[in-house]
Engineer: 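The structure is given below, and queries will be raised subsequently.
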Amino acid sequence: MMENSNSELLAKIADLKKRRNAIFLVHNYQLGEVQDIADFIGDSLELSQQAARTDADVIVFCGVRFMAETASIICPDKVVLLPDLHAGCPMADMITAQRLREKKKMHPEATVVCYVNSSAAVKAESDICCTSANAVRIVEKLPSDEEIIFIPDQYLGNYVATKTGRNMILWPGFCPTHTRIQAPDISRQKKEHPKAKALVHPECRPEVIALADEVLSTGGMIRFARDSNTEEIIVGTEIGIIHRLRKENPGKRFIPVSEQAICPRMKLITLESVLWSLENMTHRIKIPTRTRLKAKAAVDKMLEG
Ligand code: SF4
């Protein structure tokens, strides 16, 4: 392909998007240039809700694979495209359906609460899905004597256990990007910016969470930045979100806790890959019906919660 200037590229994308009747759902961690072409930008829960609502024929999911799978679970009649098949979530790969079945055999009475960062096959083996935005609410609703297996993120699970007082069986998964954020990083930023509020994502380590003013999903961070009077905000999550925070709040200052908090898989989606995706209608994400129906039961509870 000949080299395009951004404006040529953007014009081609806009033209194809119209012809295909497509919508761009874009996660808060995407590259700034991809965020800027979004029809809707948000966290996993918000993007799933948008997928459920859209009347477009094609959903181009600018995020990682489990997000496109979730959209396909919710909207089986739509074409769901993931512009780069290598855009997978390493945390989601830390559990398989087979290993979960083995765990369930050891705890036959347990309810499986599954973070949305998981494959469709793992969701199909689970009872309820959740996102970081509603995990506490979902667990709180379960009867207090219920045995709970929480998968796959041990840190989100630990945070939910702390908030709800529930004793949960945790899977040892983690997000390699959020665990790069260390307690000394947040201590240093708080010392350098004493008036700032520190927001962190619940995928962070407990010692990082302990130093935060607020523990929020990315959607929660966006709302906090918009609604609070705080002028300076320390941001403890993947740094792609800083683009949106600055764009929507030009008068405020946003300081990443760590410049190392970059998810390489999220950054695989580019304007070029979005264009190729629309040109070739690739890569289609489709879930086999049996798996889809089982996973949908768990995802529907997430959307209700
Ligand atoms: S930031 Fe972490 S949880 Fe999110 S997609 Fe990347 S590796 Fe997965």
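Computed from heavy atoms alone, side chains included, the values below leave out hydrogens, waters and symmetry copies. Order of listing sets the numbers, starting from 1, for every ligand and every atom in it.
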Engineer: Under 4.0 Å from any heavy atom of Cys89, which atoms of ligand 1 are there?
Structural biologist: 3 (S), 5 (S), 8 (Fe)
Engineer: Distance under 4.0 Å to a non-hydrogen atom of Cys175: what atoms of ligand 1 satisfy this?
Structural biologist: 1 (S), 2 (Fe), 3 (S), 7 (S)
Engineer: Can you tell whether the side chains of Glu125 and Arg101 come within less than 4.0 Å, N to carboxylate O?
Structural biologist: yes
Engineer: Does a side-chain N-to-carboxylate-O contact under 4.0 Å join Asp185 and Arg188?
Structural biologist: yes
Engineer: Side chain, backbone, both or neither: which part of Glu203 has a heavy atom under 4.0 Å from ligand 1?
Structural biologist: side chain
Engineer: Could you report the tightest heavy-atom contact between Met168 and Ala161, atom names first, then the distance?
Structural biologist: CE-N, 3.8 Å
Engineer: Quick one: which ligand 1 atoms are inside 4.0 Å of a heavy atom on Asn117?
Structural biologist: 3 (S)
Engineer: Show the atoms of ligand 1 that are less than 4.0 angstrom away from any heavy atom in Cys263.
Structural biologist: 1 (S), 5 (S), 6 (Fe), 7 (S)
Engineer: Among all the protein's non-hydrogen atoms, which is closest to atom 7 (S) of ligand 1, and how far away is it?
Structural biologist: Pro90 CD, 3.3 Å
Engineer: Hey, does the side chain of Asp213 reach the backbone of Ala198 with a donor-acceptor pair shorter than 3.5 angstrom?
Structural biologist: yes
Engineer: Any salt bridge between Lys267 and Glu238, counting N to O under 4.0 Å?
Structural biologist: yes
